[in-house]
Protein chains: 2
Amino acid sequence: MLCYEVLHAKGYRLTPQRILVLKTIYHADNHISAEEIYEQLHDRFPYINKSTIYRILELLSGLKLVTESNLGDGCIRYHAAIKGHHHHLICRICGKVIDLEESTLGPLKASMLRDYGFDADLRHMVISGVCSDCRSS
Amino acid sequence: MLCYEVLHAKGYRLTPQRILVLKTIYHADNHISAEEIYEQLHDRFPYINKSTIYRILELLSGLKLVTESNLGDGCIRYHAAIKGHHHHLICRICGKVIDLEESTLGPLKASMLRDYGFDADLRHMVISGVCSDCRSS
DNA sequence: GTTGCAAATGCAACTTGTTGCATTTGCAAG
DNA sequence: CTTGCAAATGCAACAAGTTGCATTTGCAAC
Ligand SMILES: [Zn+2]
Ligand SMILES: [Zn+2]
Ligand SMILES: [Zn+2]
Ligand SMILES: [Zn+2]
């Protein structure tokens, strides 16, 4: 897996805990929370500590190996960056989630750069609002 | 203050705690956190309870009397909606904050509506990235 | 001004996430 | 295969935010 090489190249150790967290995020169907990662791993490997999980997630996020997103359920959720980027529209009435291609926000990124010289990090945005079904009723 | 009328019109009681929280947010120079509101109020009115503050903020936010935003310092910060809306670009290198007029994201809002029928709530976005100064160095 | 009662608050226990520090360990060098 | 040591982890205490429930109170009706 490419992630291991990134860690090694930047001088970070390849510990069993880091490998387990990376595998858990990679194999998760959807976006997974720190708590869920901890629960899954602690069942099989009781020696794994909660604070270690949080520190590993902070590291992986800083290295951009995983993306963080706040889907509005009160916790940060993680996603393997290697699986690609995308955005979410979340309906605040019915909770439905619409996924957007990363490229959808290309014009926005370009206008930020042109007007403000600001290189916006738009890899995994979450936008709240009301979906078409809920608007018509 | 208009906020009181909104509360009354929707059938919510006008309690001393709610009035104090509204005044504190309105008179805050910048975006203020729940913890800061609690500290300021608890100094002068020791009977005020922490959980009450959090519940009031949740209510005011739901009624759109205040806007929530995560400026990346680990807590949600609040802003009086009556003072107007805007967006923030935050540089992840130097921490500088660039404020945007609400209208800047008008085209984005329009394209969400046109392409997905989604009425996006873009009143107070926070976008992370790298500012022009930090990019040139 | 009383009264009645649902709404709001205070309290305390709890959950979730963070931090400082002692111990352990990945891994590079010999 | 050892050794050395900075990096990483485990632990326990802590901070921030949430929840259930008993008590209090805003306020509308009389
Ligand atoms: Zn996503
Ligand atoms: Zn909906
Ligand atoms: Zn703001
Ligand atoms: Zn900068």
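So you know, we letter chains A, B, ... as the sequences are listed, proteins then strands, and number each from 1.
The closest side-chain donor-acceptor pair between B/His88 and B/Asp99 falls under 3.5 angstrom.
Taking B/Tyr12 as the reference, B/Leu7, B/Lys10, B/Arg18, B/Leu59, B/Leu63 meet the side chain to side chain contact (heavy atoms under 4.5 Å, CB included) condition, with sequence neighbours excluded.
Taking every heavy atom of residues 30-54 of chain B and every atom of DNA chain D, pairs under 4.0 Å involve B/Glu35, B/Lys50, B/Ser51, B/Tyr54, by number.
With rounding to the nearest 0.5 angstrom, the CG atom of A/Leu57 is 9.5 Å from the CD1 atom of A/Ile76.
Between B/Ile76 and B/Leu14, the residue whose closest nucleotide on DNA chain D is further toward the 5' end is B/Ile76. In terms of position along DNA chain D, the nucleotide closest to A/Gly11 lies nearer the 5' end than the nucleotide closest to the other residue of the pair A/Gly11 and B/Arg13.
The stretch residues 100-110 of chain B participates, sequence neighbours left out, in these side chain to side chain donor-acceptor pair (under 3.5 Å) pairs: B/Lys109-B/Asp119. The stretch residues 63-78 of chain A participates, sequence neighbours left out, in these side chain to side chain donor-acceptor pair (under 3.5 Å) pairs: A/Glu36-A/Arg77, A/Ser61-A/Glu68, A/Thr67-A/His124, A/Asp73-A/Arg77.
Under the Watson-Crick or G-U wobble criterion, with both distances below 3.5 Å, D/dA13 is paired with C/dT18. Nucleotide D/dA28 is matched to C/dT3 when pairs are restricted to Watson-Crick or G-U wobble geometry with both distances under 3.5 angstrom.
Atom-to-atom, CZ of B/Arg55 to P of C/dA12 comes out at 14 Å; the value is rounded to the nearest Å.
With respect to A/His79, the ring-ring contact (aromatic ring centres under 6.0 Å, His included) criterion is satisfied by exactly one of A/His31, A/His87, A/His85: A/His31.
Where DNA chain D meets chain B (any atom under 4.0 Å from a heavy atom), the bounding nucleotides read 5' to 3' are D/dA16 to D/dA28.
Without hydrogens or angle criteria, B/His8 side chain to B/Tyr4 main chain gives no donor-acceptor distance under 3.5 Å.
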Enumerate donor-acceptor pairs with a distance under 3.5 Å from any side-chain N or O in residues 38-47 of chain B to protein atoms, sequence neighbours excluded.
{"from": "B/His42", "atom 1": "NE2", "to": "B/Pro46", "atom 2": "O", "distance (Å)": "3.2"}

